[in-house]
Amino acid sequence: MSAVKPPRPAAAVSSYRPETRLVHGGTLRSQFGETSEALFLTQGFVYDSAEECEARFTGENPGFLYSRFSNPTVAMFERRMCALEGAEAARATATGMAAVTAAVFAPLRAGDHVVAAKAMFGSCRWVVEDMLPRYGIESTLVDGLDLDQWKRAMRPNTRTLFLESPTNPTLDVLDIGAVAAIAHAGGARLIVDNVFATPMWQSPLALGADVVVYSATKHIDGQGRCLGGVILSSEQFIADHIHMFLRQTGPSMSPFNAWMLLKGMETLALRVRQQTENATAVAEALAHHPKIARLIYPGRADHPQAATVRKQMRGGSTLVGFEVAGGKAAAFRFLNALKLALITNNLGDSKTLVTHPATTTHQRLKPEQRAELGIGEGFIRFSAGIEHPDDIVADLLAALEAV
Ligand SMILES: *Cc1c(COP(=O)(O)O)cnc(C)c1O
């Protein structure tokens, strides 16, 4: 790394507020002194001598070896995420699911046991419920809101607790500190999927979690361009459980995607703040609408876990959940009448997006499993974009007229 100037000291960046860390954290400037982060599209690296090459491989000399293991642009993304989240170490992955799978699976072996909240992203549930048992790792799914269920599920061989909060798509807010305490009392770790809260509104490590995972595909890119994921934790967890797994199995993030995500992070605070304001305006406009049977928004005083929201979140959410009265037919009529909001299964984008979970993200579940999670046939997951709130609200109200 002789051509790379020493990075800005970490202490200087960590004294800044999150908005500032999002713009400057983790920058590795090359000898050219570029303003924007450099994009190192390279598979490998060359060495001044065979001795230098040997010293890099033994770890005696620091530096990059091969982009499956590490790359300067990917390292900038990891360092910026660490600066934002207050984590000691991070590893970027190709997708959010690669991050979840590595964080959950890599530290475990046959005979271990996992407890997870049953309300979670469909693919995460598949990893815990279907994949782990094939390798002799048992899993128990609990109602994440019920602390007694977490406690009762603990066994001597329980190694990992896993949850998502707010949950997808019904926006329940689980008590991260209380579940972390249950995990630690039983000698286990807590992994939190923090996608729905975003790093702006919730810091699971500060609340007691041991590991945080993100799908960077969502708010961190936030502009519909690329997939990505990241695992944040202690140096020790990354060194003991994640480093070798990723290095040897290869679900690495592309430097090009890391560069897009770095540029996404620069505007993350602005976007998430506007999206949250827009989601609040939508929740306000629809909460008492005669064609809306039920509305859930973590920023409202009538949210069922409003006390937990106040305790652990700094902002509401960019998402709103609501049930259109009249089931699937009414929900489809509503979706088809929207002109601005786009029908999709993604979330966290600059563009306002709407999803019908029962026929898309949660279609794999049986109707009674969906009912248990509160996902009715008329349920809509609304993801606020950064458009003008009045245009978004007008679009939703006009579409409800068609129902
Ligand atoms: C999207 C999502 C994932 C998976 O991320 P990908 O980048 O699509 O692989 C995991 N967890 C949550 C909560 C998500 O919303």
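Each ligand, and each atom within it, is numbered from 1 in the order the structure gives.
- Looking at Asp395 and Lys339, no side-chain N of the basic residue comes within less than 4.0 Å of a carboxylate O on the acidic one, giving no salt bridge.
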Using ring-ring contact (aromatic ring centres under 6.0 Å, His included), reason through Phe64 and Phe40 one step at a time and then give a plain yes or no. CA-CA 11 Å; Phe64 299 99; Phe40 290 93; 7.9 Å; no

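- The pair Lys263-Glu37 meets the salt-bridge criterion, with a side-chain N (NZ, NE, NH1 or NH2) lying under 4.0 Å from an Asp/Glu carboxylate O.
- With respect to the salt-bridge test (charged N to carboxylate O, under 4.0 angstrom), the residues Glu372 and Lys118 qualify.
- Contact check on Arg273 versus Glu277 returns no salt bridge, with no Lys/Arg side-chain nitrogen under 4.0 Å from an Asp/Glu carboxylate oxygen.
- Sorted by first and then second residue, the side-chain hydrogen bond (donor to acceptor under 3.5 Å, both in side chains) pairs involving residues 86-110 (not counting sequence neighbours) are Arg91-His243.
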Pick out the protein N or O atoms lying less than 3.5 Å from any N or O of ligand 1, and list each pair with its distance.
unit_1	atom_1	unit_2	atom_2	d
ligand 1	5 (O)	Ser215	OG	3.0
ligand 1	7 (O)	Gly96	N	2.9
ligand 1	7 (O)	Ser215	OG	2.8
ligand 1	7 (O)	Thr217	OG1	2.6
ligand 1	9 (O)	Gly96	N	3.1
ligand 1	9 (O)	Met97	N	2.8
ligand 1	11 (N)	Asp193	OD2	2.7
ligand 1	15 (O)	Lys218	NZ	2.7

